[in-house]
Amino acid sequence: MRAEIGAGKPTLDVLINIDVDDLARAIAFYEQAAGLRVSRRFGSFGVEMVGASSPVYLLVKPGGTKPSTAAGDLRRYSRHWTPVHLDFVVPDIEAAVNKAEIAGAIREDAIATHSWGRIAHMADPFGHGICFIQFLGRGYDEIADRPE
């Protein structure tokens, strides 16, 4: 099941960029945990991975570096919190979580069930928050209000 996002044809492409400090390890993780595959390589700088609704770019950025000149924080690859994370929609959440754990993800909570579906909060090997979601019933439509 795929959640409907807005009405009509999309007008904007979204590219997902994930900073990592070990490209080979990141490729292996996202191949094994999410079923993505390398589409293009950008030398030792990064790769484009496909197999999701948007391409995922794994970009090599050393730990301890500033993400921008205005940033007050440094890149770190231990578990860190950010309000932006990836949700992978899967048909079988237990199988997806097991596969991700084998690939190196950390499960942070028990799988939770809501009226719209089930969710597993996890972290990838680089400290980025990721979730696996298995929709139930009508998915997010179980809780959605429609604009009038």
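Of the possible donor and acceptor atoms, none in the side chain of H114 sits under 3.5 Å from a partner among the backbone N and O of A112. At distances below 3.5 Å, not a single donor-acceptor pair connects side-chain atoms of R107 with backbone N or O atoms of M122. Of the possible polar contacts, none joining the S54 side chain to the I16 backbone as a donor-acceptor pair under 3.5 Å is found. A donor-acceptor distance shorter than 3.5 angstrom exists from the side chain of K66 to the backbone of A71, with no hydrogens or angles considered.
Taking the six-membered ring where tryptophan is involved, the planes of H128 and H80 are perpendicular, since the angle between them exceeds 60° and thus also 30°. The aromatic rings of Y30 and F88 are tilted relative to each other, their planes meeting at an angle between 30° and 60°. Ring pair F45/F42 is perpendicular by interplanar angle, where above 60° counts as perpendicular and below 30° as parallel.
Surrounding CZ of R79 are more than 12 heavy atoms belonging to other residues, nucleotides or ligands, all under 6.0 Å away.
For the pair R41 and I27, the minimum side-chain heavy-atom distance is below 4.5 Å. Side-chain contact between P55 and M49 is absent, with no heavy atoms from C-beta onward closer than 4.5 Å. A heavy-atom distance below 4.5 Å is found between the side chains of Y57 and L15. Counting only heavy atoms from C-beta outward, the side chains of C131 and L86 never approach each other to under 4.5 Å. When side chains are defined from C-beta on, D92 does not count as touching V90, because their heavy atoms never get closer than 4.5 Å. At a threshold of 4.5 Å between non-hydrogen side-chain atoms, the residues V50 and L36 do not count as touching.
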Derivation and outcome, side-chain contact (heavy atoms from CB on, under 4.5 Å), residues T113 and L136: CA-CA 9 Å; T113 301; L136 300 175; 4.1 Å; yes
From CA spacing to verdict: side chain to side chain donor-acceptor pair (under 3.5 Å), D19, Y77: CA-CA 9 Å; D19 292 356; Y77 295 110; 4.7 Å; no
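Residues satisfying the salt bridge (Lys or Arg N to Asp or Glu O under 4.0 Å) criterion with D73, sequence neighbours excluded, are R76.
Among pairs with a residue in residues 48-61, those fulfilling salt bridge (Lys or Arg N to Asp or Glu O under 4.0 Å) read R40-E48, at least two apart in sequence or across chains.
Under the 3.5 Å distance criterion, with hydrogens and angles disregarded, no donor-acceptor pair is assigned to the side chains of H85 and H121.
Annotation for F132 and A96: closest pair CD2-CB, 3.8 Å, computed over non-hydrogen atoms.
Under a 4.0 Å N-O distance rule, the pair E94/R118 qualifies as a salt bridge.
The CG atom of L59 sits 9.0 Å away from the CG atom of L23 when rounded to the nearest 0.5 Å. The distance from atom CD1 of I93 to atom CD1 of I111, rounded to the nearest 0.5 Å, is 5.0 Å.
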